[in-house]
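Down below is the structure, laid out as structure tokens.
Read the numbers this way: they start at 1 and go in the same order the structure lists the ligands and their atoms. Numbers here are sequence positions counted from 1.
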Amino acid sequence: MKKPFGIVVCFLLVSPLVFGIERFPPPDFAPDYVFPSSSQTAPRAAAWMWIDSLALIVALVLATAFALKWRSRKGLVWLSLASLAYFGFFRKGCVCPIGAIQNVSQSLVDPTFAIPLVVVFFFLLPLVFAALFGRVFCSAVCPFGALQELALVRPVRVPSWLDRGLRFLPYVYLGLAVLLAATGASYIICLYDPFVGFFRMSARFHIWVLSIAMLILAMFVGRPYCRYLCPYGVLLAWLSRFSLRRVTITPHECVGCGLCRDACPFGAIREGTRVGAEEKG
Ligand code: SF4
């Protein structure tokens with residue numbers, strides 16, 4: 001837990017530099033002057049950035065404890081619902097680590113591009129947790145993942161040839177998103193986000209079509225966006241390969257029959273997973 005703690009301390013120390021708002025108050029106008037209303041979204045209050053960052057830390061720590069220490073599925077479900085309510089519907093899906101890929105990409109190639117520290121924080125912290133404890137962010141913190149799990153009513157098994165083929169898509173999507181953001185052309189992850197429309201109850205027509213199609217798909221295919229599109233999932237998967245701790249399947253009861261592999265609606269348990277073998281010796 002030392003690395004996340006170090007990042008949090010750095011964040012707390014330098015964030016006041018980023019949150020320096022209203023340094024120049026507006027001049028005194030005549031009393032009858034009417035300020036025009038802005039057509040742009042108002043900047044977030046600094047307090048919300050602190051609260052969001054704190055909520056992310058708490059959620060990641062709880063997800064790690066539920067998954068690795070307490071092994072509580074019920075705890076993970078409740079945490080997913082809370083994350084969906086807070087990061088999804090209440091904070092309207094922004095800041096989001098998935099979209100932050102684009103801000104980070106652009107800031108790396110364009111020195112004039114200013115990236116808010118809270119965005120860097122949201123981008124990095126789930127990755128740090130993935131490197132230490134596996135994909136705890138996906139397990140119960142990401143509102144996109146939670147929404148897809150809620151939608152799943154009748155899971156069907158994706159044929160392995162199709163599953164293997166589609167698993168390349170997130171790499172393509174990640175490459176394209178980084179390229180377009182780095183060149184300043186477009187933020188496609190945000191443009192074609194299939195879930196934010198639900199959180200904000202507002203989207204353009206073609207995004208509604210995409211969102212509803214994705215939700216219908218999620219009723220039958222476990223987490224289709226996570227498995228076949230999410231570009232952030234690629235980064236999490238890379239880092240989680242080196243994680244110090246990871247989830248094991250009922251290490252003391254497993255007989256290695258493979259039933260769980262066949263039943264998992266997310267295709268997360270792979271062939272050859274020798275469940276619990278090491279612990280039994
Ligand atoms: S794979 Fe992507 S969308 Fe799915 S839970 Fe993880 S970060 Fe969220």
Is the side chain of Ser83 donor-acceptor paired with the backbone N or O of Ala140 at a distance under 3.5 Å, no angle test? yes
With a cutoff of under 4.5 Å between side-chain heavy atoms, which Ile, Leu, Val, Met, Phe, Trp and Tyr residues group with Val209? Phe205
Do any side-chain atoms of residues 169-188 form donor-acceptor pairs under 3.5 angstrom with protein atoms, and if so which ones, sequence neighbours left out?
unit_1: Thr183; atom_1: OG1; unit_2: Leu179; atom_2: O; d: 2.9
unit_1: Thr183; atom_1: OG1; unit_2: Leu180; atom_2: O; d: 3.1
unit_1: Tyr187; atom_1: OH; unit_2: Gln106; atom_2: OE1; d: 2.6

Please check if Phe129 and Leu244 belong to a single hydrophobic cluster, counting links between Ile, Leu, Val, Met, Phe, Trp and Tyr side chain heavy atoms closer than 4.5 Å. yes
Please list, in number order, the atoms of ligand 1 under 4.0 Å from a heavy atom of Arg135. 1 (S)
How about atom 4 (Fe) of ligand 1, which protein N, O or S atoms come within less than 2.8 Å? Cys226 SG
Taking only non-hydrogen atoms of Phe137 and a 4.0 Å limit, the atoms of ligand 1 in range are 7 (S)
Mind checking who shares a hydrophobic cluster with Phe266, ILVMFWY linked at side-chain heavy-atom distances under 4.5 Å? Leu152
Can you tell me if CH2 on Trp208 sees more than 12 non-hydrogen neighbours from other groups inside 6.0 Å? yes
For the residue pair Arg227 and Val221, what are the closest heavy atoms and their distance? NH1-CG1, 3.8 Å
